[in-house]
Amino acid sequence: MEMRDKLRKWREDNHRNSEQIVDVGEELINEHASKLGDDIWIIYEQVMIAALDCSRDDLAWTCLQELKRQFPGSQRVKRLAGMRLEALEKYEDASKQYDSILQDDPTNTAARKRKISILKAQGKSAEAIRELNEYLEQFVGDQEAWHELSELYINEHDYGKAAFCLEELMMTNPHNHLYCEQYAEVKYTQGGLENLELSRKYFAQALKLNNRNMRALFGLYMSASHIAASPKVNATVKKANVKYATWATNQINRAYQLAGRGTKENKCSVKAVEEMLESITMS
Amino acid sequence: MSSSLPWPLSMHLLMLRPKRNGRWWRRSLWRSVERVMGEVELSCLAYVKMYLHACLFPRCSVNGLLLSSSPAGGAVCVTDCVPLLHTHLPLAPITQLALTQVDVWCAQTQQRIVGYYQANACVSDSSPTPCALKIADKIAEQCNNAVLLMIDGGKMSPDYRVPPIVMYERKDTRWTLKDKHTIMLRQWEETRDIASQLLDSGDHSLLVDFDSHLDDITRDWTNQKLNAKIAELVSPANALPPGGGTVSIVTFTWSSSTARGRQQNINSMSINHMLLENSQEWRNWLRDPT
C-alpha cells in the first residue's frame, strides 16, 4: 500500500512534513487499521509526533491511548506522553515524566534530549548548551546532538564553538557537503584573513562533494573576492584568489543561465546576479 | 507646504491645496492631520507576504527586507517585502549575498530597502535578536527612517484582531519602540482576511524566500506569481495611491476585542481621489501592552 510506503520513507528520512504525515496517517489509521498488522504501532508513534507538531491534540491523544494500551509501562510510550505535555507547554510535568524515565534507565538518551529541548523551548539557551555539552561528554558519537549544539552556538553568536561542533561532524561525515558548507559559513562570519582563507577552502571542498551547491559557489566567490581585496595579502595570493573568484563567477553565470532558460519569472534574479557580479569590483 | 507650519498656527488657517484633477480642494485643518515625519505605512502586499513567510516556516526564525517604491523624505510607505532566510540567520555570507542582490533588484525596479522584519522561532520571545539589530543598523546607514519590524508569533492566531507586529525605529543609535499612533495599515480587516485566505488555500507554499531560491535557483525570490495572486484579491481602496501619495491621514486608535485602549472615530478627508469615500477610515493598531 503506497500510503504505508510513503510514511515509511518519511520516517526513514526523518522528514518533518508533519501536515502531510497527519493527512496520510490519519486516513490510514481510520480506514485501513486492520490491514497494517504490527506496522500500526510504529505508525501510531509517527502520526502522534506529527499531530503534536500540527497542534492536533485530539489525534495525538488517540494515538497515545492506543499505544498505552498495547505497551503499558514502556519507556518509549512514556517519552511520547512527555512530548505531549511539552506540546501543551506543561514543561514542569513533562520534565517530571522524563526524570522518572531516567530514574529507571539513566542511559536513556531520548529522555535526556527531550529535557534539553524543553530548555530550548523555554528560551534558556545557556542552560540548554550546558546540558547538551554534558550529554555529549557521555555520548560522543551522537551526530544529531552535535548538530543541535552547533545551531545553539550559532544563535548565541559563539562562532568558535559552533565551528568546533561542525569540525566533529565533518570528521565523522567527510562526504557530507552540507557540513563543509556550514563550517565555511561560520568561518566566514568569524572574519579575519585566516578564517576567510579557511572558509574559501571549505566552500571549495563542499563544491567538490556536490558541484550544484549554490551556497558553496556563492561562498567561494565572496570569500575569494574578500581575500583578493584585502590589503594584507601579497600579489601571488591576490592573483590566485582573483582566479578563484572569476571561476566562481563563470560557474554562477552558467548556472543562472541554465535556470533562466526556463521561466521568465526568474529573469529578475538572473539580472540581479549579473549586475551584482559586475558591480563588485576586485582590486 | 502646510506641513512646514507649526501645528498650533496651522490649526487656525484654512489651506488651499493646488489644483488637482480640475478641482480645488479645501481642507479644513481641524479635521485633518498633516503627514508627520516618522509615520510608517505598511501595505497589504508587504504584510501578507511577511505573514505567509512566518507561516510557511513555523518552526524556524525567518527574516526579510521591507521595500518602498515611494520617494525618500516624509513618511515611510512599505510597499513590498522580500523574504530572505529561514535557516542560520546569524551567519554572514548568505545574508550579505541576499542584501546585495536585493539592492541591485531595487535599483532596477525603482524601490529602496527601508526596513527589516524578523519572526523568532521561539513564540514567547518577540524581541529583536543581535543579528536583527545588526542588519537593521546596516539598513539605517542607507535609509534615515528605516524600521525594524518583529512579528509576534504569539498573536498570529485568527482570534487576535490586531496586527501581530511590533515596530522599532532608530533614535540616537538605539532601536526604540515606535509610537503606535504613527503606524498605519490600510483596510486592516481586508488585509487580514486575504492572509488567512491564502493560508487556508495552501497558496502560502507559493512563497519563495532567498533560502529556497538557493536550494533551487529556478524559483523566483521576487515572488511575481504570488504578488499577482495577492493583487487580484486586493480591493482598489486597499491599494496604494500612485506615487506613494501625499495623503492626509488621520489615525485613530482601535480597541482590541478585549476592549483595551480608547476608540475615537474621526472622519478623514483624503486628497487622493482614489481613496475618497465618505466612510473611509484609517486605522492603526494598539501594540498589545503586555
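A, B, ... follow the sequence lines: proteins, then strands. Residue 1 opens every chain. Just so you know, these numbers use all the heavy atoms, side chains as well, and skip hydrogens, waters and symmetry mates.
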B/Thr218 side-chain N/O to A/Ala259 backbone N/O, donor-acceptor pair under 3.5 Å
no

Applying a strict 4.5 Å limit to non-hydrogen atoms, the region of B/Asn223 in contact with chain A is neither

Compute the ring centroids of B/His88 and A/Tyr159, then answer whether they are less than 6.0 Å apart.
-> no

Taken to the nearest 0.5 Å, the spacing of A/Asn155 CG from B/Cys131 SG works out to 8.5 Å

Max heavy-atom pairs within cutoff under 4.5 Å with chain A, candidates B/Thr87, B/Asp125, B/Ile94, goes to B/Ile94

Per-residue tally against chain B (heavy atom, under 4.5 Å) across A/Glu151, A/Arg16, A/Met214 peaks at A/Arg16

Of the listed B/Pro58, B/Pro90, B/Pro93, the one with the largest count of heavy-atom pairs under 4.5 Å with chain A is B/Pro93

Turns out that what part of A/Ala162 lies under 4.5 Å from chain B's heavy atoms comes down to neither

Between B/Cys122 and A/Ala121, the two heavy atoms sitting closest are SG-O, 3.6 Å

Okay, A/Glu19 and chain B: the region with an atom under 4.5 Å from a heavy atom over there is side chain

| query | Hey, does the side chain of A/Arg215 reach the backbone of B/Asp215 with a donor-acceptor pair shorter than 3.5 angstrom? | reply | no

Bottom line for A/Asn213: the part with an atom under 4.5 Å from chain B's heavy atoms is neither

inquiry  = Counting only heavy atoms not in B/Arg59 (residues, nucleotides, ligands), do more than 12 fall under 6.0 Å from its CZ?
reply    = yes

Here the gap from B/Gln101 atom CD to A/Phe218 atom CZ, rounded to the nearest 0.5 Å, amounts to 5.0 Å

Point to revise | OH/A/Tyr202: more than 12 non-hydrogen atoms of other groups inside 6.0 Å | key: no

